[in-house]
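First the proteins, then the strands, lettered A, B, ... as listed; each starts at 1. Keep in mind that this is a model prediction, so the values were computed, not measured.
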There are 2 protein chains.
Amino acid sequence: MARARTSSGKVRLTEVAKLAGVSPITASRFFRNPEALSPGKRERVENAARQLGYVPDLAARALASRRTEVIGVLIPSFTNNVFSDVLRGIYDGSGESRYSIQLVNTHYSILQEEKLLQLFKAQRPAGLVVTGINQTDESRAILESMNCPIVQIMELGPDPVDMMVGFSHNAAAFEVISHLISLNFKRIGFLGARMDPRVQRRLEGYTDAMKRASLYDPRLIIATPVPTSVTMGGTLFADLLMKAPDIDAVFCVNDDLALGTLFECQRRQIQVPEDVAIVGFNDLEYMASAVPPLTSVRTNRYDMGKTAITMVMDAIEGRRPATSVIDLGYELMIRRSSAARRA
Amino acid sequence: MARARTSSGKVRLTEVAKLAGVSPITASRFFRNPEALSPGKRERVENAARQLGYVPDLAARALASRRTEVIGVLIPSFTNNVFSDVLRGIYDGSGESRYSIQLVNTHYSILQEEKLLQLFKAQRPAGLVVTGINQTDESRAILESMNCPIVQIMELGPDPVDMMVGFSHNAAAFEVISHLISLNFKRIGFLGARMDPRVQRRLEGYTDAMKRASLYDPRLIIATPVPTSVTMGGTLFADLLMKAPDIDAVFCVNDDLALGTLFECQRRQIQVPEDVAIVGFNDLEYMASAVPPLTSVRTNRYDMGKTAITMVMDAIEGRRPATSVIDLGYELMIRRSSAARRA
DNA sequence: CAATGCAGTGGTAGCGCTGTCAATAATCAT
DNA sequence: ATGATTATTGACAGCGCTACCACTGCATTG
C-alpha cells in the first residue's frame, strides 16, 4: 500500500491521523487520553490505528514528553526466593499497564545501589521501587531530588522517602520467640546468615524477646555474613550445637536455614520437636510439607510487590494513596516443629 | 553556573561540546566510538563531560539512531528456581555493559509469548533472549523478521532462529534412567508436573530408556499440567504408589518434586534408597544436604544466562560466535538416594 | 607532481512524537 | 440575546541526539 515509507515499514502517527482524517495531535491524544476526543473522532482514530497496525514509538514519545514510562526496581538479590515472589508481584501488577519495569540488582551493596540510583536519575523514570530503608545519605538525597513516586519495600521505618510497603521484621521475630517461650522453650538459638538489614532486625526482635524473659545468652546466637543456603543451615546448626549443646529450640532467619537445620537433626537423630524445635521465616511452600511440618512466619511477598507497583503507578497518574505507609503484616504459621514441649 | 538551561538542569551534549571546543557531532562520537577522535579532542571531550556530569539521553539517542540498547528477555516463569539462576546470569553478564535488560514473563503461554514478541518488535530491541524452541509459527515469523541477534535458551533443537544455548533434556533423562537400570532398578516411576516442553522432553528420554530395556509400563507414569511444588511432589508420589505399588525408584522431573517425594517417603516410613530410589533434576543446592542426599542432574543455569547474554551483546557488536549453537551439557550427580540396589 | 586515499571533523536535517497555546465550536447562566 | 465558560481541535516548535554527506588537510602512490 506504499503508505509506510520509513525504512522499516513502520507506521507513524501521521499516517494514522491522515487515514482518520484528523490532525496528528488529535491522534496523539487518542492514545494518551481518549476521553478528550469526541466519540466520532475517537472511533475513526481507533479504526485507523488498528487498520494500520500502529504502535507508538516509545523513544519519540519519551523525548517529546520529557518523561518515560519506565519504573525502576532495585532488588538486592535474584537468588533469594523471597525476591522472586516480590518480582512476580511487581511484574504481574504492571503486566497490562503501559509501564515497563527496569530491574537492577544491587547485590546487597548500598554503594552499588547509590550508583544505580544515579543512573536511574539520568533516565528520569516515571517511578521507583527500592528495597529497604537503609540507603546511604547520598542515595537518600538522589531519591529526594528525583521528581517521581517512590516506594520502599520489604520493611517499615520512621521516615519514608515517599511511600512504603512492608512489615515489621522486628515484631515478627519477637512474636516467634514469644511463641516458643510460651511453650516453655528456654534455650532458644538464633541462626542467621547474610545478615542484611532485614535479618538484623529479626535479630533485634529475638534479642528483645529473650532479654525480656531473662533468657538472653549470646552463646545462643550464630550470625554470619556468608550467603544463606540449606547446606549453610546445617553447618550453622552444627556450630550452634557446639557452642550451646543444651539448646531446645532454634529460630532460623529464613526457611532455607530451617530446612538445613531439619536435615542436620535427621542426620544426628535429633528429634524435632521433642529434642529441638525449629522455626523458620517466610513460609516458603515446602515448609508445610516437611517432616515434621516446619513452623514459619508467613510474609506477603507477592502482595508486597503487587501493592508497591500499583501504588507507584497510581501515584504517577495522580492517584495518591490515602496512607503512604502500608503494613502488610505477617502471620505465624505454627506447625509441628514447634509443638508444645513435653512438661 | 546557569549553563544547563533545560527545566530540569539536565546537561546536554551541546554544552559538553561547547566546553570542549568541538562540534556537537564530535562530542557525540566520543560517546559511541572514542577511537574515531584524535587523542587531543578525545581528552577534551572526556574532561568536559566529567566536569558537567553529562549523561546521555537514551530516548533521544534511540530516536535519532533508530535503535535501542535494550535486550529483551522472555522467561516463562519467575517462581521457578531454575529461571532465577538463569536471570542472575543474564543480569550479571549485562551488568557493566551499556545494554539494559527488558524482562517479561510469558507465564508458560506461547500465545502470551507471541503477543510480547509483537510488542518487542515495535520497540526495535538490540537483541533478544527467548526461552525454548516451541514458538508458534507467528512468533517464529516475528523473530525472523526482527533484525537483531536472538538466542534461544534452555534447550537445543534442529533449526535455531539464530543462536542457541542449552542442553539436551532428553539425553539427560535417558542417562538418569540408564543409571537406575544399571543399578538393577526395574520399576522406575516418572513424576512430572507443569509438563512444559522441557519436561516433555525429559519424559521422552525416560520413555526411550525404559522401552529399550523392556521396562516400559504406562502405569509408572504420573504427569500433570498443574504447577510444580514440593507439596505436589508428595501428592504425585502418593498417586504413583496407588497406581504402581511395586515401584522401586522414581525419577522426578525437578528437585522440588523429588524433595516432596522424599518427605512423603519419610511420612510413610519408606526407606530411601532401600525401598525406593529418588532422582531429581536441576541439582538445586538443597539436594546435596537432604537426608539421604538426593541424586540429581546438574544443569548450568547461571552459565546459560550469562553465555546467552554475552552472545547477544557480542553479536550486536558484530562479533558473531564461531558456533551459533552451544551445548552446555549436564552432569549426573549420583548421591545416596540412588545407591546400588541390594541384590 | 597530480591523483588518490583516508582519518578527522563539521553542517544539515531530521528521528516520531507531544507541550503549549491559540482558535473554534458548543453550551450555559443571566 | 449576550457574554462567559467549557469542550474539542489544530499549528507550531521543538525534545536531544545521530545519520548522512561533504569537506579539510595530510600521507601515499605511480
Side-chain angles (χ1 to χ4, degrees), chain A residues 3-46 48-49 52-70 98 122-124 126, chain B residues 3-46 48-49 52-70 98 122-124 126:
Chain A
R3 187 180 293 280
R5 294 200 313 291
T6 322
S7 56
S8 65
K10 186 161 196 168
V11 180
R12 281 158 304 169
L13 188 57
T14 322
E15 268 107 64
V16 176
K18 200 172 293 171
L19 182 61
V22 299
S23 73
I25 194 69
T26 301
S28 166
R29 269 193 278 264
F30 168 78
F31 294 101
R32 292 173 292 144
N33 179 19
E35 312 304 314
L37 303 212
S38 59
K41 302 216 166 166
R42 193 182 314 160
E43 200 179 324
R44 295 223 310 274
V45 176
E46 189 169 5
L52 263 38
Y54 171 75
V55 183
D57 182 317
L58 297 188
R61 179 178 283 179
L63 182 58
S65 66
R66 259 137 299 188
R67 50 191 159 64
T68 63
E69 289 176 346
V70 171
R98 61 217 189 96
Q123 301 321 133
R124 312 163 176 284
Chain B
R3 187 179 295 278
R5 293 203 313 292
T6 322
S7 56
S8 65
K10 187 163 193 164
V11 180
R12 281 160 303 172
L13 189 57
T14 323
E15 268 108 64
V16 175
K18 200 172 295 171
L19 182 62
V22 300
S23 71
I25 196 70
T26 301
S28 166
R29 268 193 279 262
F30 169 77
F31 294 101
R32 292 173 293 140
N33 180 18
E35 312 305 313
L37 304 214
S38 60
K41 302 214 167 168
R42 193 183 313 158
E43 200 180 322
R44 295 223 309 276
V45 176
E46 190 170 3
L52 264 38
Y54 172 75
V55 183
D57 183 315
L58 298 187
R61 178 179 284 179
L63 180 58
S65 67
R66 259 138 298 189
R67 51 193 156 65
T68 63
E69 289 176 346
V70 171
R98 60 217 192 98
Q123 301 321 133
R124 312 162 177 285

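Sequence order on DNA chain D of the closest nucleotides to B:Ala27 and A:Lys41 puts A:Lys41 first from the 5' end. Between B:Ser23 and B:Ser65, the one whose closest nucleotide on DNA chain C sits nearer the 5' end is B:Ser23.
The shortest non-hydrogen separation linking B:Thr14 to B:Pro24 is CG2-CG, 4.5 Å. The two residues B:Arg44 and B:Val22 have their closest heavy-atom pair at NH2-CG1, 4.1 Å.
Put simply, CZ on B:Arg66 is 16 Å from P on D:dC17, counting in whole angstrom units. If you take CD of B:Glu35 and C1' of C:dG8, they are 14 Å apart, rounded to a whole angstrom. If you measure from atom OH of A:Tyr54 to atom C1' of C:dG16, you get 7 Å, rounded to the nearest angstrom. Here D:dT8 presents its P atom at 10 Å from CG of A:Asn33, a figure rounded to the nearest Å. The distance between atom CZ of A:Arg124 and atom P of D:dC15, rounded to the nearest whole Å, is 12 Å. Separating the CD1 atom of B:Ile25 from the C1' atom of D:dT24 is a distance of 17 Å, rounded to the nearest angstrom. Here the C1' atom of nucleotide C:dG8 and the CZ atom of B:Phe30 are 16 Å apart, to the nearest Å. Whole-Å rounding puts the B:Arg12 CZ to D:dG14 C1' distance at 11 Å.
Partners of B:Ser23 by side chain to side chain donor-acceptor pair (under 3.5 Å), not counting sequence neighbours, listed by chain and number: B:Thr26. For B:Arg98, the salt bridge (Lys or Arg N to Asp or Glu O under 4.0 Å) partners are B:Glu69, B:Glu317, not counting sequence neighbours.
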With B for base contact, S for sugar-phosphate-only contact and - for none (protein heavy atoms under 4.0 Å), nucleotides 21-26 of chain C reads ------

Please table the atom pairs, donor to acceptor, closer than 3.5 Å between any side-chain atom in residues 33-42 of chain A and protein atoms at least two apart or in another chain.
from: A:Arg42; atom 1: NE; to: A:Pro34; atom 2: O; distance (Å): 3.1
from: A:Arg42; atom 1: NH2; to: A:Leu37; atom 2: O; distance (Å): 2.9

N/O donor-acceptor pairs under 3.5 Å from side chains in residues 54-65 of chain A, not counting sequence neighbours:
from: A:Asp57; atom 1: OD1; to: A:Ala59; atom 2: N; distance (Å): 2.9
from: A:Asp57; atom 1: OD1; to: A:Ala60; atom 2: N; distance (Å): 3.0
from: A:Ser65; atom 1: OG; to: A:Arg61; atom 2: O; distance (Å): 2.7
from: A:Ser65; atom 1: OG; to: A:Arg67; atom 2: N; distance (Å): 3.4
from: A:Ser65; atom 1: OG; to: A:Arg67; atom 2: O; distance (Å): 3.3

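When the side-chain nitrogen and oxygen atoms of A:Ser38 are compared with OP1 and OP2 of D:dT9, one or more of them lie within a distance under 4.0 Å. In this model, the phosphate group of C:dT9 is not approached by any side-chain N or O of B:Thr26 to a distance below 4.0 Å at OP1 or OP2. At the phosphate of C:dG19, OP1 or OP2 sits under 4.0 Å from a side-chain N or O atom of A:Arg32.
Contact of the A:Phe30 side chain with the A:Val16 side chain is not registered, since no non-hydrogen atoms from C-beta on lie closer than 4.5 Å.
Between A:Glu15 and A:Arg12 there is a salt bridge, since at least one side-chain N of the basic residue sits less than 4.0 Å from a carboxylate O of the acidic one.
No contact: A:Phe31 has no heavy atom under 4.0 Å from any strand. Residue A:Arg42 is classed as having no contact, given no heavy-atom separation below 4.0 Å to the nucleic acid.
Using a 4.0 Å cut-off on heavy atoms, the residues of residues 55-64 of chain A that approach DNA chain C are A:Pro56, A:Asp57, A:Ala60, A:Arg61, A:Ala64, listed by number.
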How would DNA chain D look in dot-bracket form, 5' to 3', counting Watson-Crick and G-U wobble pairs with both distances under 3.5 Å and writing | for bases paired to another strand?
-> ||||||||||||||||||||||||||||||

